[in-house]
Amino acid sequence: MATIPHPPSTGPALQTRRPLIVTAEQHILQQQQKHFPEAGGTFSELLASIALATKMIQAKVRSAGLLDILGSAGERNVQGEVQQKLDVYANQALLECLGQRDTVAVLVSEENEEPVTFGRAPETGKYVIFFDPLDGSSNIDVNVSVGTIFSVFRRPPGSEVNSAVLQPGSKQVAAGYVVYGSSTMLVYTTGQGVFGFTLDPGIGAYVLSHENLRMPDHGSTYSVNEAQSDSFPDVYQNFLTGLRTGALRREYSSRYVGSLVADFHRTLLKGGVFLYPPTKGYPSGKLRLLYEANPLAFIAEQAGGSATDGERRIVEIQPHEIHQRTPLVFGSSAEVEEFQRCYKHDSKTARTSTSA
Ligand code: AHM
Ligand code: MG
């Protein structure tokens, strides 16, 4: 009679093996246990709620061509921009998923004129969250990548809503984004490095795919809406001319998606520099400090890059209103340092010529 052989040994015991996958939710919990053991789990629940909302959004984005959800919802948001139907859905998904958490004190969205408050006592409502629910939404109808951006702060003990929402970006406790691109990716930081997860549609989970992301020290791409360059301040024009003529002894190509999340994601992975300068149409810059520039600046710095408005690090800006705009330059350290050098040089020249 034939005997059935024992299966060959498959290596170390199950519990000592590297896990097959690490999901974003597991990772957030592990990071919390490692770096903030006293936190008690509420913070990781909150990030899990954001992850859930973005899965709902990505499902709608993926079926945008199938369902009757393309195009405008016919209303304008606080910036005077026409809201897309997906903007409205994305905002609702985040408000609902986060609003159910007792730990959330205030939500601030690009799509809501005022902060959304829940009247929760400071002991329970500990967190203030900013988000741009669907960044780059003018690109939806042409099937170009869009994204969600978020930023998390602690509510200072006993603070009123106004002071809770007007904190500089250096106080962020977490930030991240999801890019709905050729795959859906979640990237986040809690100040302990930057981690990227790719959504596995088969199991509906964000799976760790990019551990400890680092932005290259320099790149070969600059990213700016060059059609508007005639109205850029001189320093931006001089900087770009410098890149083109070899100030950093490199050759550059230009890449500009027009979806901030997608342009940031490329810059994070490949290096280079992104600029949204003040323009004639947007004299203070177009991008919003609290739910666009701050979270991306936090991630850029955590990955070894930089983000500035020229005068100072983005995260040092003291906000004065929730929808405030800022000039934004971020990217690899080499390119951003060169921009800072041009900026200081131009300000010095301007000061010298006015005092002459
Ligand atoms: P929004 O879609 O949330 O309004 O964001 C503004 C978008 C950014 O994603 C992008 O970087 C920028 O506007 C592009 O602006 P422009 O078309 O002026 O180059
Ligand atoms: Mg946006």
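Computed from a predicted structure; not experimentally measured. Numbers for residues simply follow the sequence, beginning at 1. Counting convention: from 1, in listed order, for ligands and their atoms alike.
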*Is the shortest N/O to N/O distance between Ser259 and ligand 1 below 3.5 Å?*
no
*Under 4.0 Å to a heavy atom of Tyr256 - the qualifying atoms of ligand 1, by number*: 14 (C), 15 (O), 16 (P), 19 (O)
*Counting only heavy atoms, which portion of Asp132 has something under 4.0 Å from ligand 1: side chain, backbone, both, or neither?*
side chain
*For Ser137, take its heavy atoms, then give the atoms of ligand 1 lying under 4.0 Å from any of them.*
2 (O)
*Where does the angle between the aromatic ring planes of Tyr291 and His323 fall among parallel (under 30°), tilted (30 to 60°) and perpendicular (over 60°)?*
perpendicular
*Flag the pair Glu301 and Arg313 as a salt bridge only when some basic side-chain nitrogen lies within less than 4.0 angstrom of an acidic carboxylate oxygen.*
yes
*Would you call Glu316 and Arg312 a salt bridge, taking side-chain N to carboxylate O under 4.0 Å as the test?*
no
_Tell me the contacting part of Asn225 for ligand 1: side chain, backbone, both, or neither, using a 4.0 Å heavy-atom threshold, strictly below._
side chain
*For this output row, return yes or no: ring centroids of Phe197 and His210 closer than 6.0 angstrom.*
no
*May I ask you to decide if the ring planes of Tyr177 and Phe264 are parallel, tilted or perpendicular, using 30° and 60° as cut-offs?*
perpendicular
*So which of Lys286, Gln228, Glu110 gets nearest to atom 3 (O) of ligand 1, if we judge by its closest heavy atom?*
Glu110
_Among the N, O or S atoms of Asp135, which one sits nearest to the Mg ion (ligand 2)?_
OD1
*Ile57: which of Leu94, Leu86, Thr184 passes side-chain contact (heavy atoms from CB on, under 4.5 Å)*: Leu94
*Would you mind running through ligand 1 and noting each atom that sits below 4.0 Å from a heavy atom of Glu292?*
3 (O), 5 (O)
*Picking from His345, Glu337, Glu338, what satisfies side-chain hydrogen bond (donor to acceptor under 3.5 Å, both in side chains) with Arg341?*
Glu338
*Could you see which bit of Arg288 sits under 4.0 Å from ligand 1, with heavy atoms only: side chain, backbone, both or neither?*
side chain
*Is the NZ or CZ atom of Lys60 positioned over Tyr89's six-membered ring, under 6.0 angstrom from the centre and within 45° of the axis?*
yes
*Which of the ligand 1 atoms, numbered from 1, are nearer than 4.0 Å to a heavy atom of Asp135*: 1 (P), 2 (O), 3 (O), 5 (O), 8 (C), 9 (O)
*asked:* Need one value: angle at the Mg ion (ligand 2), Glu292 atom OE2 versus Asp132 atom OD2, rounded to 10 degrees.
replied: 100°
*Hey, is ligand 1 close enough to Leu287 that some N/O pair sits below 3.5 Å?*
no
*Looking at Asp135, Ile299, Val178, which hits side-chain contact (heavy atoms from CB on, under 4.5 Å) with Ile149?*
Asp135
_At less than 4.0 angstrom from any non-hydrogen atom of Leu260, what atoms of ligand 1 do you find?_
8 (C), 9 (O), 10 (C), 11 (O)
*asked:* Below the 3.5 angstrom mark, is there an N/O of Phe274, backbone or side chain, next to an N/O of ligand 1?
replied: no
